[in-house]
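Take a look at the structure below.
Keep in mind that the numbers below use all heavy atoms, side chains included, and drop hydrogens, waters and symmetry copies.
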Amino acid sequence: MDKKQAMEIINESFKIIFGKSNPFSFDTILSKLAFDIKLPKKVMDSLTGEETWTEILHSNLFITQNNMRTYDKQKGWLLPKQDVKNLKDIIDIWKKINYTTTERQYDCINVAQCDPMYKCENAFRCADCRGCKDIVFCDGCANCQFTIASQRTANSGFCLRVDDSNSCSNSYNVICSNNISNSFFIQDCNNLHECLFCSHIANKEYCISNMQFEEKEYFIIKEQIINWIFRSLQP
């Protein structure tokens, strides 16, 4: 997984969510849409000096999961017994072998700059995700696909900036909601389809700012909002 593949996921998601091609660069997506996501940070492997990524920063020593396993096979992590006189001696020895393992991946395929990840495929710069596929800049998501810059969200697809939500699709900027589709700027809602700027309502479609609109006028306004979103993301 690399930036080019990550951009392919982002571009496909933009087409489905907004019905438009993505005009923004990788760096713009990261800075404008993933600015508040807890993502792995770049550190250096303390044995090899190579670049690696971790969610855990309070450490002085880092080692990639692959290098940790290689070292175990070649030399082993068990030390010969040493003469220790006090607790300080024990702690000093421990500090020498207490590497923080980075880029932890378990049953994953094509995952890069992520830590930790469980049973994920095609993921870039994500943290603590499970059972996801085709995701970029996500934290704490489960069973999501084509999801970008989202947090603590499950069972969703083609979503951008969807947080603390479940069963969302083709949506942008959704918070603490369930069963949301084709909607933008939704908070604390349930079972909405084609709604914009709505909060605390359920079982509606074609609503804007909690007001009911006719389908035709709704889509006229939605197009204007999409254009406004794209302008606001310009660097």
(message) Any salt bridge linking Lys41 with Glu55? Criterion: basic side-chain nitrogen under 4.0 Å from a carboxylate oxygen.
(response) no
(message) Under a plain distance cut-off of 3.5 Å, with no hydrogens placed, do Thr28 and Ser25 share a side-chain donor-acceptor pair?
(response) yes
(message) Please report whether the ring centroid of Phe185 lies less than 6.0 Å from that of Tyr172.
(response) yes
(message) Looking at Asp83 and Lys81, is there a salt bridge between them, counting it only when a charged N and a carboxylate O are closer than 4.0 Å?
(response) no
(message) Is the terminal nitrogen or CZ of Lys32 (NZ for Lys, CZ for Arg) located under 6.0 angstrom from the six-membered ring centre of Phe24 and within 45° of that ring's axis?
(response) no
(request) Please determine, by modelled atom types, if Thr102 and Thr54 share a side-chain donor-acceptor pair under 3.5 angstrom. (result) no
(message) Whether the Glu50 and Asn67 side chains hold a donor-acceptor pair (N or O, under 3.5 Å, no angle test) is what I'd like checked.
(response) yes
(request) Answer with yes or no after comparing the ring centroid distance for Tyr106 and Tyr118 against a 6.0 Å cut-off, counting only values under it. (result) yes
(message) Can you tell whether the side chains of Lys119 and Asp107 come within less than 4.0 Å, N to carboxylate O?
(response) no
(request) Would you tell me whether Tyr218 and Glu194 have side-chain atoms, one donor and one acceptor, within less than 3.5 Å of each other? (result) yes
(message) Between Glu223 and Lys20, does any NZ, NE, NH1 or NH2 come within less than 4.0 Å of an OD or OE carboxylate oxygen?
(response) yes
(message) Using the salt bridge (Lys or Arg N to Asp or Glu O under 4.0 Å) criterion, which residues pair with Asp115? Sequence neighbours excluded.
(response) Arg104
(request) Mind running side chain to side chain donor-acceptor pair (under 3.5 Å) on Glu103 and Thr52 for me, showing each step along the way? (result) CA-CA 7 Å; Glu103 296 187 70; Thr52 184; 2.7 Å; yes
(request) With sequence neighbours left out, write down each residue that passes salt bridge (Lys or Arg N to Asp or Glu O under 4.0 Å) with Asp89, or none if nothing qualifies. (result) none
(message) Is the distance from the ring center of Tyr99 to that of Trp77 below 6.0 Å?
(response) yes
(request) Assert yes or no for the condition that the ring centre distance of Phe137 to Phe26 is strictly below 6.0 Å. (result) yes
(message) Looking at Leu79, I want to see if its CG is surrounded by more than 12 non-hydrogen atoms of other residues, nucleotides or ligands under 6.0 Å.
(response) yes
(request) To the nearest 0.5 angstrom, please state how far the CG atom of Asp163 sits from the CG atom of Asp36. (result) 6.5 Å
(request) Using a strict cut-off of less than 4.0 Å between a Lys/Arg side-chain nitrogen and an Asp/Glu carboxylate oxygen, indicate whether Asp92 and Lys96 qualify as a salt bridge. (result) no
